[in-house]
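Chain letters run A, B, ... following the sequence lines, proteins first and then strands; every chain starts at 1. These values consider heavy atoms only, across backbone and side chains, with no hydrogens, waters or symmetry-generated copies.
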Amino acid sequence: MAAQKPSIPKGTRDFSPLEMVRRNYIFDTIRQVFQVFGYQPIETPAMENLSTLMGKYGEEGDKLLFKILNSGNYLDGLPEAESGMRDAASRIQYLTKHIAEKGLRYDLTVPFARFVVQHQNELIFPFKRYQIQPVWRADRPQKGRYREFFQCDVDVIGSNSLLNEVELTQIIDAVFTKLGINVLIRMNNRKVLAGIAEAIGAPERLTDITVAMDKLDKISLELVNEELIQRGVTYEAVQKLQPILNLEGKIKLKFDTLTDFFKDSETGRKGLEEMRTVLQHMKNIGLHNKFDFDIKLARGLSYYTGTILEVKAQDVSMGSICGGGRYDDLTGIFGLPGMSGVGISFGADRICDVMNESKLFPEEIQASTKAMFVNFGTDEEKHCLKLLAGLRQAGIPSELYPDSAKLKKQMEYANRKNIPYVILVGKDEIDTGKLMLKDMRSGEQKLCTPDEVINILS
RNA sequence: GUGGUCGUAGCUCAGUUGGUUAGAGCGAUAGAUUGUGGAUCUAUAGGUCGUGGGUUCAAGCCCCAUCUUCCACCCCA
C-alpha cells in the first residue's frame, strides 16, 4: 500500500509543545479571572442537535454550521424525486433533514441557553457560568480566522441588573491587563440602534441600518449611504440618519445628541439610559483599558437585545478578540421565557496571535524539565531512580534519560530541551553518596548531597 | 458563498526563452571527542517539484481541474 501524505482539514491546526504552553498560559489566565469573579465551569458536547443550532445565528450563520452525517444506510427509504423536489435546493433541504440531525457547535452561548433550560431546576439563579471549549465554523480561513477555534465564555443568566454588564467589563479589563494587551472596549446598545431606526421612521430596516453603519470604519460615508439605499432604506430616512453617522467625539456629546434624537422613541431613551448607567459605573471603578460608546458598533448575532460590546487590540491589526452582549430571550425558544442573560466570549486563538505578534509571552512560562539524570547503565539507573523519586516528591520536574546512550547524545538532549540542570551519578558518586550537579547555562558543576540538590532546584 | 494568491528536501528559499543527473543555507544523522552539551571541521542521508489530467521529441517551468496556504469581500472570535 502506497503511503499517503497525511494532512489535516482546512482551517484546523496541530499545536506543538511550545504553542501549547502558550495557549495554556492564556487559558489559565482567563480561567483564573473567571473564577475570582465567582463563575462556575460547565462543559457541553461538541455536537448538538441541528434543531438546537439552526436559525439562531441569522441566515449567514446557518450556512456556516458543520453538519454531521448520520451513521447507517441513510439513503435507504428515501422517496424518489417527486413534485416539489425538482430543484436542487429543495432536494438538498430534504436530504439534509434526513441524513444529518447533528451539528458541531457554532458558539458556546446557544448551547449554554439549551443547558440552562434543561437543567433549570438544578441551577442556582442568577447563574454565573464559564465555559472554555472549541467551536467550529465552516468559514473560509484567513488571518485570525479558523474553522476550529476556542472560545472562553462567561455569562450571567437570570438577572436583569446592569451590574452584570459592568462586571463583564471588569473581567475584560482584568484579563487583558494580565496578558499585557492594550485594548479598546467599544460598547453600544441594541435599543439605541432600534431607537435610531425608529427615529428615522424605518424600524423594520433595523438590521440593514446597523450592518451598513458598522461599515463606517471601513468605507466612506457616501458608500454607506449608497448601501443603505440599496438595502431598501428610503432617501428621506437616510437623510435623517446623517447627524448620527457624523456623530464623533466625547461621550457626553453623543448622549446629548441622542437624547434630542430620541424625543419620540422610548426604546431609544431606554437604551441610552442603560448605556449611561453602565458607563458611569465603569468610570467610577476605573479600568486600565480604554472604553468608548460607539454608536456604529452593531454585531451580527441576532439574539442580542441590549448592551453589546466588542474588544480590539490597539497595537495589532486583528479582528475583535472578545465580544458579547445581552440577550433577553435566548432560552425562550427552548421553552423558558423571561430569562435574561448577558455574556462575553474571548477568542483564545486570536489572543494568541496578537500575543505572538507583539511578543507578549513571558520567557519563564516554558515549563519543562528542570533536571535530568544522565543514564550510565543498569547499576546507576537503579540508584538514580531513587534519587529521581526524591526530586519529584519535592515537586521538581525531573527525568532520567531512558537509555544508556552516549554521554554526548544525552547532553545534547538536555540542551535541546532547555533543561537547565543535568545530574551525573556514576560509580564514584554512588560510592561517596554524592551527585554531580551541572548547570547547563554556565557549564559549572559541583558535587552535592541529595538534599543540597533539592535545595538548589526548589 | 464571490474574487485573487501561494505550493520545490524536516524548515527558509534558488532554479534562465521548456532542454542531460533539480541546488543552497539551516536542521537531522554519524564521526573528529570511550564521564560532559552549545562553537568548529568532515562525511552521510533526505525530493513522484501539492495532487490528477493535458500540450510537447522533452514539463519544476505552459494549459485545465482539484486540494492546501494567505488575502479581500461577506461575516465573525
Side-chain angles (χ1 to χ4, degrees), chain A residues 2-13 16 26 30 57-65 105-109 132-153 172 207 210-212 214-215 218-219 223 227 297-302 304 308-313 317-325 343-354 372 374-377 380 401 404-430 436-445:
Chain A
Q4 60 172 31
K5 210 174 200 173
S7 63
I8 54 174
K10 188 202 288 214
T12 65
R13 295 154 302 155
S16 66
I26 292 173
I30 291 176
Y57 308 106
E59 253 174 75
E60 289 300 314
D62 281 357
K63 288 186 205 156
L64 300 180
L65 285 172
R105 63 168 166 253
Y106 177 93
D107 72 354
L108 299 178
T109 309
I132 299 176
Q133 289 191 274
V135 302
W136 294 269
R137 294 182 190 177
D139 229 345
R140 278 231 188 149
Q142 51 180 277
K143 187 184 186 185
R145 172 175 297 185
Y146 308 99
R147 289 189 151 184
E148 175 183 61
F149 60 97
F150 271 77
Q151 290 196 324
C152 313
D153 272 41
I172 291 169
T207 311
T210 53
V211 168
D214 194 41
K215 290 185 185 167
K218 279 189 182 173
I219 59 178
L223 285 172
E227 178 157 347
L297 176 65
R299 293 196 62 78
L301 291 180
S302 43
Y304 292 121
I308 47 180
L309 66 88
E310 197 165 280
V311 181
K312 289 191 94 173
S317 153
M318 175 73 67
S320 64
I321 52 180
C322 178
I344 51 171
S345 179
F346 292 83
D349 303 77
R350 283 186 179 175
I351 291 173
C352 199
D353 289 345
V354 167
M372 185 197 84
V374 167
N375 189 324
F376 283 115
E380 290 88 343
Y401 196 86
S404 169
K406 280 186 181 157
L407 194 48
K408 178 186 167 76
K409 190 167 181 176
Q410 301 193 39
M411 295 299 282
E412 246 167 17
Y413 170 84
N415 195 47
R416 288 178 56 187
K417 270 188 82 175
N418 262 319
I419 298 174
Y421 291 97
V422 166
I423 298 169
L424 300 103
V425 184
K427 289 247 152 38
D428 295 353
E429 285 84 359
I430 293 180
M436 184 63 85
L437 180 67
K438 181 181 171 88
D439 183 329
M440 291 296 275
R441 276 184 209 160
S442 64
E444 287 167 16
Q445 56 185 48

(request) Using only heavy-atom distances, determine whether the side chains of A:Y57 and A:D62 contain a donor-acceptor pair under 3.5 Å. (result) no
(request) Would you mind pulling out the nucleotide paired to B:U40, Watson-Crick or G-U wobble, both distances under 3.5 Å? (result) B:A32
(message) Roughly how many Å apart are B:U33 and B:G38, using the C1' atom of each and rounding to a whole number?
(response) 15 Å
(message) Using a heavy-atom cut-off of 4.0 Å across all strands, would you classify A:G144 as base, sugar-phosphate, or nothing?
(response) base
(request) List the steps, then state whether salt bridge (Lys or Arg N to Asp or Glu O under 4.0 Å) holds for A:E148 with A:R13. (result) CA-CA 8 Å; A:E148 175 183 61; A:R13 295 154 302 155; over 6 Å; no
(message) Counting only side-chain heavy atoms from C-beta out, which of B:C74, B:U2, B:G35 sits nearest to A:E60?
(response) B:C74
(message) Between B:C75 and B:G15, how many Å separate the two P atoms, rounded to a whole number?
(response) 41 Å
(message) Applying the Watson-Crick and G-U wobble criteria at under 3.5 Å, what pairs with B:U51? Answer none if nothing qualifies.
(response) B:A65
(message) A cation-pi test, strictly: NZ or CZ of A:R137 under 6.0 Å from the centre of the six-membered ring of A:Y106 and no more than 45 degrees from its axis. Yes or no?
(response) yes
(message) Does A:Q142 contact B:U69 through a side-chain donor or acceptor facing the base, at a distance under 3.5 Å?
(response) no
(request) Whole angstrom is fine here: how far is it from CZ in A:R140 over to P in B:C71? (result) 13 Å
(request) Classify the side chain of A:E380 versus the base of B:G35 as yes if they form a donor-acceptor pair under 3.5 Å and no if they do not. (result) no
(request) Please determine, by modelled atom types, if A:Y413 and A:K409 share a side-chain donor-acceptor pair under 3.5 angstrom. (result) no
(message) If I pick the C1' atom on B:U69 and the same atom on B:A45, what distance separates them, to the nearest angstrom?
(response) 29 Å
(message) Checking contacts here: which listed nucleotide (B:U2, B:G38, B:C70) is nearest the side-chain heavy atoms of A:E412?
(response) B:G38
(message) Looking at B:A77 and A:F346: do their rings stack (centroid distance under 5.5 Å, interplanar angle under 30°)?
(response) no
(request) For A:R416, answer base if it contacts any base atom (sugar-phosphate contacts may also be present), sugar-phosphate if it contacts only those atoms, and nothing otherwise; contact means non-hydrogen atoms under 4.0 Å. (result) sugar-phosphate
